[in-house]
Amino acid sequence: MPEKPYDHIQIELKWHTRWENADFYKAEENSAKPKFYVLEMLPYPSGTLHIGHIRNYSIGDALARYKWMRGYNVLHPMGWDAFGLPAENAAIANKVPPREWTLQNIAAMKKTHRRFAFSYDWDREVSTCEPNYYRWNQWFFLKMLERGLAYRKRALVNWCPKCATVLANEQVVEGCCWRHEDTPVEQRALEQWFLKITDYADQLLADMAQLEGGWPERVLTMQRNWIGRSEGAEIDFKLASTIQPIRVFTTRVDTIYGATCVILAPEHPLNEQILTADQQASAKAMVDARAGRDPGDIAKEGFFTGHFAVNPFSGEQVPIWVGNFVLMGYGTGAIMAVPAHDERDFEFCRKYGIAVRPVIRPVDGALGVEPGLKEAFPDDGIVENSGQWSGIASEEARRQMAAYAEQHGFGKAAVTFRIKDWGISRQRYWGTPIPVIHCPTCGVVPVPDEQLPVILPEQIAITGAGRSPLENVPSFVNVACPKCGEPAKRETDTMDTFIDSSWYFYRYCDPHNDRQPFDPAKIEYWFEIDQYIGGVEHAILHLIYSRFFTKVMRDLGLIKNSEPARRLFTQGMVIAEGAKMSKSKGNVVGADMLAEKFGADTARMFVLFAAPPEKEVDWRFEGAEGIYRFLGRVYRFVTRNLGGAGGSGASDRQVRRKLHQTIEKLTVDFETRWHFNTCIAGIMELMNVLYAEEANISAAAIQEVAEKLALMLAPFAPYLSQEIWEELGREGPVFRQAWPAFDPELAKEDEAEIVVQVNGKLRARISVPFGTPKEELERLALADERVQVHIAGKQVKKIITVPDKLVNIVVG
RNA sequence: GGGGCUGUGGCGGAAUUGGCAGACGCACCAGAUUUAGGUUCUGGCGUUCGAGAGGACGUAAGGGUUCAAGUCCCUUCAGCCCCACCA
């Protein structure tokens, strides 16, 4: 026997992912029980394995194997095949990337783009370089363009002057560029492509009812807040001096008689018309000062424009101000300030000496005592000092006043969403090229279908100049307009890679289709997804985007379901030294080390053993050895006992009982809560019993135990269980076998152990046959010596008895 | 500022509905095997009093409900996450 007998079945983790993908997770269309499990784990093409991914993968893989053994048809899509990449396993195994240029460039980009901080993005973005996949991204984009769901407009973006590049919001750290911590980020207006996710805001919200119960409440709440629907009214305040009225959004039109000024966002378009040059400069300074900063740290500031607007209800002239706390991105970018009934307005107006005028009386209180105190901001109440509306309850007043505004043409009831349209333009080299051509005469022209996909040029220079590097590739940019044939320019922006992840699971169902994104019939077979597994960090990004895409695809007639996934499981993040593990923090733990030292079985089992899957786990290396030891114990036990004469059989009954108890425990856990750490602990307990009783187990019992062990370990340690399976002389993949059944009779203990308490404290234990009557239990408990000691000289007041479990004697 | 989650030994964590707190593993200690180390096997391992049998205390802190609370309720503290001037 070799010194470390388990070592020869240790296989590299990376190889493992391919091996599995190739052979065992192909869908079987004829299965009686179609089930679909999507995992967010894709195999890595390079040597970098992130421990967080091992976790995600191990959880999903254990479930997939279990479900398979339970007779489900499991689609366990593993990435590359779905994107039509060269599927040769050997290429991956030998760490030869499928497209070398891609990876080289990614390595270069890695140095300048923070997006790589997210391991999840890594595989997504690699996949994005594949024409076979982004062809269908482009197809979708053009379909959306046709329907007005994709559009182009000028928008403000973060800009770092030192990098000379656009930054995503996440790349702005405390108002400065993440790479230049002393360089404040500026706002620049650039032409950007957007998808109209706001058209679906109501549906995204309403359809959450279908997800109730299947998705974690926390994720639904986050999405609800993110979408942020609020009902209110839009009201026009006419300017005395110009033609264009200021439209404000308010949820409290009932307070409009208390509006003592109108405040514009510093970026408000009207500012260009009404502000002096100096004022415009101050407004711009406000915008710059605000970028990326913690709003709590910014004092409210503003200035009077010198102009006035008319309150259409009261006819009063109110001053127009510009305020840094008014957001252009929400509502209309202008508000009416009602300082008596809004804390923010109050803070602003008090600072600048603007009048405070209460108009809402609490139902059981007086009007506006000491404005500014918390109590002085009643939510709803009775409208006062408001002309014909005085005396009406807030809610009713809101309804009536909105209707009145609409009748008289100066406003209407309106719903505003917090969610904004999805800006998908990226000035990055890679990503799916946006398939349009800009023609000087025809305008924006879609790339005709037969010219798809638009492919990225391979030889490019990463300039870091802040414009897409594609602009410097004349062969890519200079094209003929498909409409008029005259010289035109190709769009150089690429798509956000969240596009790719928004529908990848549909593509998984039909990965090699080259005529359409997928065959709708196949989607109908597999969808909705029964169980989706992913990190909670995607609650409002990926998980909203993919819901949006699903609805768009449904409206395109491609699919029938409105939601992608019926159930969502959010696994906890992997934390290192108290901080979220990310490449930018440099605290990423590679799993390679773990896999190389102990092998794939140990690596995956260890991350499952560390904590239940929904829990955050602080990563530490110690402890992996325990799993390695355990697997060695299993292997040694099986190999040294199989084929032997066996022991007396005196412990068979006990061993069988433990075995069936263990199977029961695992089965229940897999069916309910996926606490794999306790599953593994259960198997360890079984092993401890086996070691203790080893000499007294018959050959037949050994055989049974070894077989069931292999089956139970299959979801967690596939290699070892396969090895045992073959040691047993059995053939084929072990997880093609049925999950072992447990016999409740065998699992049952012979006798019930009764806990005897006196005044709630444990004093004795007695063994009795199951079903012993209450009176008998009480008699036995009272008779126990140790109980006697504690009740001696005291009066027994009460006895609580739980059959087969507990007797509690209350004495006084 | 708003919303949510979590607090159990030296550490990761068990305890399914209120019913034996600390399963399982790590670390540590001791013993066996070994020339030694490593490996492997066996045993110990919350705090404290006691020679021992055994007792007392103990699940962030305080209070409550209950025969019985890690678990339910209230208050406080600490940590983490998400959103954040959303009119």
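Chain naming here is simple, since letters A, B, ... match the order of the sequence lines and numbering starts at 1 in each.
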Checklist entry - Can you check whether A:K761 has a side-chain N or O nearer than 4.0 Å to OP1 or OP2 of B:rC57? => result yes

Checklist entry - Which is true for A:R418 with a 4.0 Å heavy-atom rule: it touches a base, it touches only sugar-phosphate, or it touches nothing? => result base

Checklist entry - How many Å lie between NZ on A:K665 and P on B:rC24, as a whole number? => result 12 Å

Checklist entry - Counting side-chain heavy atoms from CB outward, which of B:rA87, B:rA23, B:rG55 is closest to A:A681? => result B:rA23

Checklist entry - Within the structure shown, what part of the strands sits under 4.0 Å from A:R763 by heavy-atom distance: base, sugar-phosphate, or nothing? => result sugar-phosphate

Item to check | Nearest-nucleotide comparison on RNA chain B, the residue closer to the 5′ end among A:G228 and A:V668 | outcome: A:V668

Item to check | side-chain hydrogen bond (donor to acceptor under 3.5 Å, both in side chains) partners of residues 747-756 of chain A, not counting sequence neighbours, each pair once | outcome: A:R653-A:D750, A:R657-A:E749, A:R657-A:D750, A:Q661-A:E749

Distance-only criterion, 3.5 Å: show the donor-acceptor pairs between side-chain atoms of residues 225-232 of chain A and protein atoms not counting sequence neighbours.
unit_1	atom_1	unit_2	atom_2	d
A:N225	ND2	A:T221	O	3.4
A:R229	NE	A:D202	OD1	3.0
A:R229	NH1	A:E231	OE2	2.8
A:S230	OG	A:Y330	OH	2.7

Next on the checklist: Under the rule for ring pair (Phe, Tyr, Trp, His ring centres under 6.0 Å), what residues qualify as partners of A:F303, not counting sequence neighbours?
Outcome noted: none

Item to check | Under the salt bridge (Lys or Arg N to Asp or Glu O under 4.0 Å) test, residues paired with A:E217 that sit two or more places apart | outcome: A:R224

Taking only nitrogen or oxygen atoms into account, show me every contact under 3.5 Å that the protein makes with nucleotides 63-67 of chain B, one pair per line with its distance.
unit_1	atom_1	unit_2	atom_2	d
B:rC67	OP1	A:K798	NZ	3.4
B:rC67	O2'	A:N808	ND2	3.4
B:rC67	O2	A:N808	ND2	2.6

Find every protein N or O atom lying less than 3.5 Å from an N or O atom of nucleotides 27-34 of chain B, and list the pairs.
unit_1	atom_1	unit_2	atom_2	d
B:rA27	OP2	A:R629	NH2	3.2

Next on the checklist: Going by the rule salt bridge (Lys or Arg N to Asp or Glu O under 4.0 Å), which residues pair with A:R357 if we only count those two or more places apart in sequence or in a different chain?
Outcome noted: A:E316

Side-chain donor-acceptor pairs of residues 263-270 of chain A under 3.5 Å, sequence neighbours excluded:
unit_1	atom_1	unit_2	atom_2	d
A:E267	OE1	A:R290	NH2	3.2
A:E267	OE2	A:R290	NH2	2.6
A:H268	ND1	A:L270	N	3.1

Checklist entry - A:M684 side chain: which of B:rC24, B:rC81, B:rU42 is closest? => result B:rC24

Next on the checklist: Parallel, tilted or perpendicular, judged at 30° and 60°: which one describes the rings of A:W674 and A:F676?
Outcome noted: parallel

Checklist entry - Can you tell which of B:rC41, B:rA84, B:rA15 lies closest to the side chain of A:R673? => result B:rA15

Polar atoms only, N or O, under 3.5 Å: list the protein pairs with nucleotides 51-53 of chain B and their distances.
none

Checklist entry - Of A:G329 and A:A624, whose closest RNA chain B nucleotide lies nearer the 5' terminus? => result A:A624

Report, one line per pair, each donor and acceptor closer than 3.5 Å where one atom sits in a side chain of residues 798-808 of chain A; sequence neighbours left out.
unit_1	atom_1	unit_2	atom_2	d
A:T801	OG1	A:E778	OE2	3.0
A:D804	OD1	A:G771	N	2.9
A:N808	OD1	A:G760	N	3.0

Checklist entry - Is A:K300 positioned over the aromatic face of A:F348, cation under 6.0 angstrom from the ring centre and no more than 45 degrees off axis? => result no

Item to check | Under-4.0 Å side-chain N/O to phosphate OP1/OP2 contact, A:R633 with B:rC41 | outcome: yes

Checklist entry - Considering only side-chain heavy atoms of A:R636, which listed nucleotide, B:rU16, B:rA23, B:rU40, is closest? => result B:rU40

Item to check | Short N-O contact, A:E694 and A:R640, less than 4.0 angstrom | outcome: yes

Show the distances under 3.5 angstrom between N or O atoms of the protein and N or O atoms of nucleotides 11-13 of chain B.
unit_1	atom_1	unit_2	atom_2	d
B:rG12	O2'	A:A610	O	2.7
B:rG13	O3'	A:N677	ND2	3.3

For residues 663-670 of chain A, run the donor-acceptor check on the side chains, cut-off 3.5 Å, and write out each pair with its distance to 0.1 Å, sequence neighbours left out.
unit_1	atom_1	unit_2	atom_2	d
A:T667	OG1	A:I663	O	2.7
A:T667	OG1	A:W739	NE1	3.0
A:D669	OD1	A:R673	NE	3.2
A:D669	OD2	A:T678	OG1	2.9

Next on the checklist: Measuring from the side chain of A:E685 (C-beta onward, heavy atoms only), which nucleotide among B:rA56, B:rA23, B:rG3 has the closest atom?
Outcome noted: B:rA23

